[in-house]
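On a predicted model such as this, the values are computed, not experimentally measured, just so you know.
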Amino acid sequence: MKRTDRQREMSVAGRLERLYHQERRLSAILRLVSDVNQVLLHSRSLEKLLENSCERITRHEDYCVAWVGLIDAEGERLRVAYQSDRCDISYLSEDFHVSLVPGDPVSAGPAGRSVLENRTVLVEDTQNDPDFIPWRERAKRSGIHSVLGLPLRASGDAQAFGCLLVYVDCPDGFSREEVNALQDVADSIGRAVHLSRETDLRLQAEQSIRDSELRFKQLIDALPNVAVQGYDQEHRVIYWNKSSEDLYGYSKEEATGRMVEDLIIPDAMREMASRGMDEWMAGGAPIPPGELELQGKDGKKVAVYSSHVMLGVEDGRPEMFCVDVDLGEQKRIQKQLQRLASFDLLTGLPNRVLLDQELQHRIKEADRFSHRMAILFIDIDNFKLINDSLGHEQGDELLRMVAARMGSRLREYEMLARFGGDEFVLVLPRVDETAEVEKVAEKIIDSFALPFMLDEREVFVTGSIGIALYPDDGKDKSALLKNADMAMYRAKEYGRNCRQFFKQSMNEELQHRQDLEDRLRQALQNEEFALHFQPQVDLQNGGIVSCEALLRWHSPGTGMVSPGEFLPVAEHSELINRIGEWVIGEACRQRREWRNQGIELRIDINLSGRQFFYYDVFSVIDSMLQQHGLAHADLGIELTEQVLIEAEDSTLSGLTRLHDKGMKISLDDFGTGYSSLGYLKRFPVDVLKIDREFVAGAPVDKNDRSITEAVVAMGHALGLEVLAEGVETADQELLMRELGCDLAQGYLFQKPAPAHSLLLPADGESAQRFLA
């Protein structure tokens with residue numbers, strides 16, 4: 001689906017949602033008009049009339065306070081006759097009063113002005129209206145946002161003898177329709193109050209209600225996109241507006257006089273709907289509003305939000321009006337949104353939400369019928385390299401093609417989902433033999449055998465698959481996914497483009513790693529780490545140009561722990577950042593100590609990818625150098641090719657800044673990764689370090705010698721220095737010099753050692769002793 005289409009659908013959904021809420025709010029106002037009119041009709045005293053009116057107004061979800069004020073005997077102030085206040089912090093406390101003396105500050109609010117000026121007064125924002133200052137803090141505490149003051153009059157042109165105040169606690173305030181409707185309410189209350197002081201309260205109140213009902217009918221007749229129908233006590237249609245014709249398909253002439261049950265009520269709802277109408281018209285409980293599926297003339301379902309109001313007529317016979325908001329378009333959009341929430345937009349596959357539901361269902365099914373199931377966790381090998389080199393658009397296209405090719409090899413009941421990024425999960429719901437799972441896994445691996453065509457360019461990728469079985473490898477979806485993921489990483493360790501079943505030993509290894517991680521945390525607290533240093537020697541004159549700092553851990557319980565054992569564990573947790581920070585600080589401390597002893601020797605430290613991608617290592621380096629009074633040239637950093645492959649622009653800019661300030665940057669283990677000239681061109685690298693594997697084999701293996709020679713030539717062509725790692729014999733050292741290597745380090749010159757044991761030539765002493 002195109003992004004613009006999805007945005008358009010989301011925009012339509014938003015408009016429908018706003019219309020839906022506006023119409024619901026209008027329906028609530030209409031019900032309020034109806035209910036207050038019923039209060040006025042049936043209240044037997046002025047006290048009950050005002051009390052019930054205020055209480056009914058504050059049932060509206062947005063109206064938090066309503067009160068009626070009447071002019072006192074002296075005519076100088078309003079007294080609160082009746083009130084309804086549902087604010088958490090009461091707004092109408094004992095000291096609340098309103099003056100009617102012109103010029104008095106407490107006469108300038110909506111209550112005083114509505115009486116003195118005999119008009120409707122709207123305060124849209126209580127915190128910014130200058131006339132509302134005396135009540136501003138009170139409104140702020142109670143959460144009042146807008147206030148509407150409505151004069152109470154015997155008639156439209158009479159002088160106000162009181163007011164109705166309505167308060168809103170939502171930022172939307174009052175709409176024009178609400179103001180009009182509430183003025184109708186106030187007019188009805190005003191007439192009722194006036195006539196109650198006279199002798200014919202009942203007749204005049206009924207006329208007021210009839211007037212309000214007439215306005216109500218005029219209002220609903222003009223509503224667009226809202227179907228309104230009226231029914232008498234026999235459920236026969238007496239009112240049918242144009243929107244009802246459009247929604248249900250019956251013309252006004254076809255509908256009028258017929259029973260509503262025969263028009264739009266489905267058979268399954270007929271008895272319940274009929275009983276509900278009879279009970280309400282007989283004085284029972286109102287029909288609650290809600291979503292319904294009614295029926296059109298063509299027999300199709302019509303989804304609506306339906307609410308009802310009851311009006312009385314001149315002869316006292318009740319009439320029911322139904323307000324239906326068409327939900328058809330909204331339901332369609334909801335289905336589309338539900339699909340968007342359940343399916344991956346890029347590949348069209350089920351996403352993690354739908355995968356989660358499928359796994360829960362399949363696990364219950366497998367448990368019920370006592371059979372096994374399998375999930376395959378599939379990861380595309382080296383996808384990030386392709387995504388970065390060809391661009392994200394091509395990467396997205398590759399993901400679509402991979403998903404389509406894998407999906408074409410599956411059976412109907414097997415579910416393939418996109419887990420995220422370049423990871424997919426395949427659910428095999430019923431498995432009798434593991435050989436079946438192996439066969440499916442091989443089909444997936446085979447699907448990567450042929451190249452993918454991206455802009456007429458052949459691209460080859462492979463997949464690594466981890467497999468977990470239910471119930472053998474987990475009793476719930478979380479355990480199965482975790483164990484399949486673990487098996488997938490083991491497949492990558494075994495060379496990629498293969499599949500691995502989960503084994504319990506993997507969990508044991510994980511437990512070992514977790515134990516090791518706990519010990520690493522204690523090692524940081526107990527200062528069990530130390531730095532050893534190995535010189536890097538100039539092969540032309542034998543002088544030491546720098547030292548590489550190597551991390552060592554002496555555990556009191558087990559002795560020396562190999563970096564190859566604990567560093568991968570640190571890499572997979574946040575500990576690498578804390579350990580890395582300690583290494584930077586310790587290297588700077590040692591560099592300062594050597595300078596104080598008159599020894600000028602750069603220290604190179606190793607930085608991992610995680611320190612760049614999830615941690616602000618550049619700020620730590622700057623801070624530590626400044627703390628020890630060192631320059632950037634006093635410290636060097638060594639990176640692996642993988643760091644450069646996965647680096648983002650922020651990493652490049654940070655490395656460039658350090659390099660520009662004089663820091664040497666070395667590329668470690670060059671030749672064992674992708675060795676892309678593109679990365680060497682893009683990043684500020686000073687030194688290429690040839691991996692010890694090639695150095696060891698170069699004297700006896702033509703391929704290793706050729707690779708070493710090529711790296712030296714390439715490095716020099718790019719203006720870089722080349723360092724040979726792991727030089728252990730004189731033959732290796734001699735060959736490295738012959739091939740043109742600039743620098744070397746290894747046991748031939750000196751093993752890594754603590755700073756106090758490091759063999760450093762004194763000033764003036766010949767450096768040739770490092771060239772045995």
Side-chain angles (χ1 to χ4, degrees), residues 9-35 59-63 170 172 174-182 213 215-231 235 237-252 254-255 260-261 263-266 268-270 272-273 276-277 280 286-311 319-338:
E9 290 184 349
M10 295 295 288
S11 175
V12 170
R15 292 197 300 271
L16 289 173
E17 187 69 17
R18 290 193 296 273
L19 177 61
Y20 172 69
H21 285 297
Q22 290 171 0
E23 290 168 343
R24 285 193 63 183
R25 188 169 180 178
L26 182 56
S27 295
I29 293 296
L30 297 178
R31 289 197 303 275
L32 170 61
V33 173
S34 172
D35 289 352
R59 285 188 204 169
H60 189 286
E61 61 180 357
D62 293 330
Y63 301 161
C170 73
D172 293 337
F174 295 91
S175 67
R176 184 178 61 187
E177 291 80 1
E178 289 177 88
V179 172
N180 293 337
L182 288 171
E213 290 178 356
R215 294 190 188 96
F216 168 66
K217 290 180 179 179
Q218 292 172 342
L219 173 64
I220 61 177
D221 197 39
L223 287 176
N225 303 319
V226 178
V228 181
Q229 312 94 46
Y231 311 108
H235 309 176
V237 174
I238 58 173
Y239 181 82
W240 192 267
N241 72 351
K242 180 64 171 61
S243 293
S244 295
E245 295 181 341
D246 297 337
L247 183 60
Y248 295 111
Y250 294 99
S251 67
K252 181 178 180 180
E254 289 177 305
V260 63
E261 292 92 335
L263 292 173
I264 62 175
I265 306 298
M269 292 175 52
R270 183 168 298 190
M272 178 184 66
M277 294 173 68
W280 192 8
I287 297 174
E291 293 188 10
L292 298 174
E293 273 198 346
L294 301 179
Q295 183 173 287
K297 183 178 180 180
D298 58 5
K300 294 181 180 179
K301 299 295 184 182
V302 180
V304 297
Y305 183 88
S306 186
S307 57
H308 302 75
V309 293
M310 189 75 69
L311 300 177
E319 296 174 354
M320 178 181 293
F321 282 79
C322 180
V323 181
D324 293 337
V325 179
D326 183 10
L327 300 181
E329 183 66 10
Q330 180 178 331
K331 292 294 185 181
R332 187 183 70 81
I333 296 298
Q334 282 179 345
K335 288 182 179 179
Q336 293 179 345
L337 293 176
Q338 186 175 10

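- In this structure, the side chains of Glu245 and Tyr250 stay at 4.5 Å or more apart for every pair of heavy atoms.
- Between His308 and Trp280, some side-chain heavy-atom pair lies under the 4.5 Å cut-off.
- Nearest heavy atom pair, residue Ile264 against residue Tyr231, reads CD1-OH, 4.0 Å.
- Here the shortest heavy-atom pairing between Val237 and Ala255 reads CB-O, 3.3 Å.
- Under a 3.5 Å cut-off, the side chain of Asn241 and the backbone N or O of Val228 do form a donor-acceptor pair.
- Between Gly249 and Lys297 the shortest heavy-atom distance is O-CD, 3.4 Å.
- The side-chain heavy atoms of Met310 and Glu319, taken from C-beta on, include no pair separated by under 4.5 Å.
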Does the pair Leu263 and Trp240 meet the rule for a side-chain contact (heavy atoms from CB on, under 4.5 Å), with working shown?
CA-CA 12 Å; Leu263 292 173; Trp240 192 267; 4.2 Å; yes
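- Residues Met320 and Ile287 form a side-chain contact, since some pair of their non-hydrogen atoms from C-beta on lies under 4.5 Å apart.
- Between the CG atom in Leu247 and the CD atom in Gln229 there is a gap of 8.0 Å [rounded to 0.5 Å].
- The shortest side-chain heavy-atom distance between Val323 and Ser306 does not fall under the 4.5 Å cut-off.
- Rounding to the nearest 0.5 Å gives a distance of 10.0 Å between CD of Glu293 and CG of Leu327.
- A donor-acceptor contact closer than 3.5 angstrom is absent between the side chains of Glu254 and Tyr248.
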side-chain contact (heavy atoms from CB on, under 4.5 Å) evaluation trace for Met269 with Leu294:
CA-CA 9 Å; Met269 292 175 52; Leu294 301 179; 3.9 Å; yes
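- Distance alone, capped at 3.5 Å, places no donor-acceptor pair between the Ser244 side chain and the Ala227 backbone.
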Going through the distances and angles, do Asp62 and Phe174 end up as a side-chain contact (heavy atoms from CB on, under 4.5 Å)?
CA-CA 10 Å; Asp62 293 330; Phe174 295 91; over 6 Å; no
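- Rounded to the nearest 0.5 Å, atoms OH (Tyr239) and SG (Cys322) are 12.5 Å apart.
- Of all heavy-atom pairs spanning Gln295 and Val302, the tightest one is C-CG2, 4.2 Å.
- For the pair Val325 and Val304, the minimum side-chain heavy-atom distance is 4.5 Å or more.
- Within the model, atoms CD of Glu261 and CZ of Arg270 stand 7.0 Å from one another, a figure rounded to the nearest 0.5 Å.
- Looking at Tyr305 and Asp326, their side chains never bring a donor and an acceptor atom within 3.5 Å of each other.
- Of all non-hydrogen atoms in Val226 and Ser243, the two that sit nearest each other are O-CB, 3.2 Å.
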